[in-house]
**Q** 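One structure is given below, represented as structure tokens, and several questions about it will come after.
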Amino acid sequence: MPELPEVETTRRGISPHCQQQTISDVIIRNHRLRWPIAGSLPGKLRTQRIQDVQRRAKYLLFVTDSGTLILHLGMSGSLRICNKNEPVKKHDHVDIVLSSNKVIRFNDPRRFGSLHWTRQAVTKHKLIHELGPEPLGEQFNAQYLYNISRRRKVAIKNLIMNSHVVVGVGNIYASESLYLAGIHPARAASRISLQRYEKLVTAIRNVLQAAIESGGSTLNDFTQPDGQPGYFQHHFRVYGKAGQACEHCQQTIAQITQGQRSTFFCKSCQR
DNA sequence: CAAAGGTCCTGCTCGC
DNA sequence: TGCGAGCAGGACCTTT
């Protein structure tokens, strides 16, 4: 579910509810997420005042006076704001109870999400410190990608999905970006010119920015943090469109598997 | 049985 | 030979 735009949309959705708030309690109904939630987490968070809700890659960062809660939505996670006494739904694993008596409720069917508490600077945390640049930041540019891709024969799609190279490019937007840039997803990263990396970087930025601006795209059950079923069915050009016509050349859109993930592309537009 | 939006970890290969 | 970097595949889950 969450690609970067959904995570950013979630951040923007819950952020206003966190203003001036203190965490009064943390309720863990199921601690078995991707990594077991530390039993000490509620004690660490209780009484902490939330200063800010930030995002790094697809991690949401709840910055408090004495540390940071690092939350990842995994493949199927979502947050919503609800009242304390609202009945729990299936897969509602964690509640972060605020002093307003509102609750940030974490739901995650597949349990690939995670929660970590750190007292140190968040940039030093194991999960964060080796991450590549943000795709919408200045450090991510064509020259950077070009330099990093020399003598790397990995397929370009796998390269841009590698979080050590650049964060936040998920399976949907990897396919979409490569289509917009006219680059074949299986092309070796080392065999792409600087000029073509210019196109790719522009495509990645545009596609992510557009999705953020439209409130995040979604395939299934993304729920806006305020509880509204705020679907925005983004217009994908290739993702999930195997067998349909390319809107540019009418060639049938192909589907292949790369790194155990589906890739969609146009054989004639992408080289 | 297959596939689904993520990403860390393990172990292999390759080149210096 | 040894070492690090790069890379593929496995692992973690439930639902459709």
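Excluded from the calculations below are hydrogen atoms, water molecules and symmetry mates; all remaining heavy atoms, backbone and side chain alike, are included.
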**Q** State plainly whether the residues D92(A) and R80(A) are in salt-bridge range, i.e. N to O under 4.0 Å.
**A**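 Result for this pair is yes, salt bridge flagged.
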**Q** Show, in sequence, the C-alpha distance, side-chain angles and deciding distance for K84(A) and D95(A), and conclude whether the salt bridge (charged side-chain N to carboxylate O under 4.0 Å, His left out) test is met.
**A** CA-CA 9 Å; K84(A) 209 173 171 177; D95(A) 278 2; over 6 Å; no
**Q** For the residue pair Y146(A) and Y197(A), categorise the inter-ring angle as parallel (less than 30°), tilted (30 to 60°) or perpendicular (more than 60°).
**A**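 Perpendicular: the ring planes of Y146(A) and Y197(A) meet at over 60°.
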**Q** Does a nitrogen or oxygen in the side chain of Q260(A) sit under 4.0 Å from OP1 or OP2 of dA8(C)?
**A**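 Q260(A) to dA8(C) OP1/OP2: no side-chain N or O under 4.0 Å.
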**Q** Rounded off to whole Å, could you give me the CD1-to-C1' distance for the I148(A) and dG6(C) pair?
**A**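 Going from I148(A) (CD1) to dG6(C) (C1'), I get 12 Å.
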**Q** In whole angstrom, give me the gap between the P atoms of dT7(B) and dT16(C).
**A**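 To the nearest whole Å, 23 Å.
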**Q** How many whole angstroms separate atom CG of N107(A) from atom P of dC13(C)?
**A**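 Rounded to the whole Å, the gap is 17 Å.
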**Q** Would you classify R32(A) as touching base, sugar-phosphate or nothing, given that sugar-phosphate means primed atoms plus P, OP1 and OP2, and contacts are heavy atoms under 4.0 Å?
**A**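 Contact class for R32(A): sugar-phosphate only.
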**Q** So, OP1 or OP2 of dT14(C): does either fall under 4.0 Å of a side-chain N or O from H91(A)?
**A**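 No, outside the criterion.
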**Q** Measure from the ring centre of F112(A) to the centre of the six-membered ring in the base of dC13(C), then say whether that distance is under 5.5 Å and the planes meet at under 30°.
**A**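 One would not call F112(A) stacked on the dC13(C) base.
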**Q** Between P on dC13(C) and CG on L73(A), what's the gap in Å once rounded to a whole number?
**A**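 Spelled out: CG on L73(A) to P on dC13(C) is 18 Å.
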**Q** Measure from CG on L60(A) to P on dG6(B) and round the result to the nearest Å.
**A**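 Those two atoms, CG and P, are 14 Å apart.
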**Q** Whole angstrom is fine here: how far is it from NE2 in H72(A) over to P in dT7(B)?
**A**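 Between P of dT7(B) and NE2 of H72(A): 4 Å.
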**Q** Side chain of K126(A) only, please: which of dC8(B), dC9(B), dA4(B) is the nearest?
**A**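 The closest nucleotide is dC9(B).
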**Q** Base of dC13(C), side chain of R111(A) - is there a donor-acceptor contact under 3.5 Å?
**A**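 For R111(A), whose side chain was compared with the base of dC13(C), there is no donor-acceptor pair (under 3.5 Å).
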**Q** How close or far is atom C1' of dA8(C) from atom CE of M161(A), stated in whole angstroms?
**A**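 In whole Å, dA8(C) C1' lies 14 Å from M161(A) CE.
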**Q** Please report the interatomic distance CZ(F264(A)) to NZ(K157(A)), rounded to the nearest 0.5 Å.
**A**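 Reported value, rounded in 0.5 Å steps: 8.5 Å.
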**Q** What is the distance, to the nearest angstrom, from the NZ atom on K157(A) to the C1' atom on dC7(C)?
**A**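 So the NZ-C1' distance, K157(A) to dC7(C), works out to 16 Å.
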**Q** Would you say the base of dG6(B) and the side-chain of E3(A) have a donor-acceptor pair closer than 3.5 Å?
**A**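 Check fails, no donor-acceptor contact within cut-off.
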**Q** So, does K58(A) get its side chain near the phosphate of dT7(B), meaning an N or O under 4.0 Å from OP1 or OP2?
**A**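 For dT7(B), OP1 or OP2 has a side-chain N or O of K58(A) closer than 4.0 Å.
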**Q** For R34(A), report the nucleic acid contact type (base, sugar-phosphate, nothing); a contact means any heavy atom under 4.0 Å.
**A**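 Base contact - R34(A) has a heavy atom under 4.0 Å of at least one base atom.
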**Q** Does Y59(A) make a side-chain N or O approach to OP1 or OP2 of dC8(B) shorter than 4.0 Å?
**A**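 Yes, Y59(A) has a side-chain N/O under 4.0 Å of OP1/OP2 on dC8(B).
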**Q** Looking at R110(A), does any N or O in its side chain come under 4.0 Å of the phosphate oxygens OP1/OP2 on dC12(C)?
**A**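 Looking at the OP1 and OP2 atoms of dC12(C), neither is under 4.0 Å from any side-chain N or O of R110(A).
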**Q** When the P atoms of dA2(B) and dG9(C) are compared, how many Å lie between them, rounded to an integer?
**A**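 dG9(C) and dA2(B) have their P atoms separated by 16 Å.
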**Q** Out of the candidates D25(A), I14(A), L41(A), L69(A), only one should pair with I96(A) under the side chain to side chain contact (heavy atoms under 4.5 Å, CB included) rule; please name it.
**A**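 Looking at D25(A), I14(A), L41(A), L69(A), the match for I96(A) under the side chain to side chain contact (heavy atoms under 4.5 Å, CB included) is L69(A).
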**Q** Looking at S76(A), I'd like to know whether one of its side-chain N or O atoms comes within less than 4.0 Å of OP1 or OP2 on dT15(C).
**A**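 S76(A) to dT15(C) OP1/OP2: no side-chain N or O under 4.0 Å.
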**Q** For dG11(B), give its Watson-Crick or G-U wobble partner with both distances under 3.5 Å, or none.
**A**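 dC7(C) is the nucleotide pairing with dG11(B).
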**Q** Using the closest heavy atom to pick a nucleotide of DNA chain B for each, name whichever of K153(A) or G74(A) lands nearer the 5' end.
**A**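 Counting from the 5' end, the first nearest nucleotide belongs to G74(A).
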**Q** Return the value, rounded to whole Å, for the distance between atom CG of N30(A) and atom P of dC13(C).
**A**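 The distance from CG of N30(A) to P of dC13(C) comes to 10 Å, rounded to the nearest Å.
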**Q** From the list dC7(C), dC13(C), dT15(C), which nucleotide is the closest neighbour of the side chain of K90(A)?
**A**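 The listed nucleotide nearest to K90(A)'s side chain is dT15(C).
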**Q** Quick one: SG on C82(A) to NZ on K89(A), what's the gap to the nearest 0.5 Å?
**A**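 C82(A) atom SG to K89(A) atom NZ measures 8.5 Å (nearest 0.5 Å).
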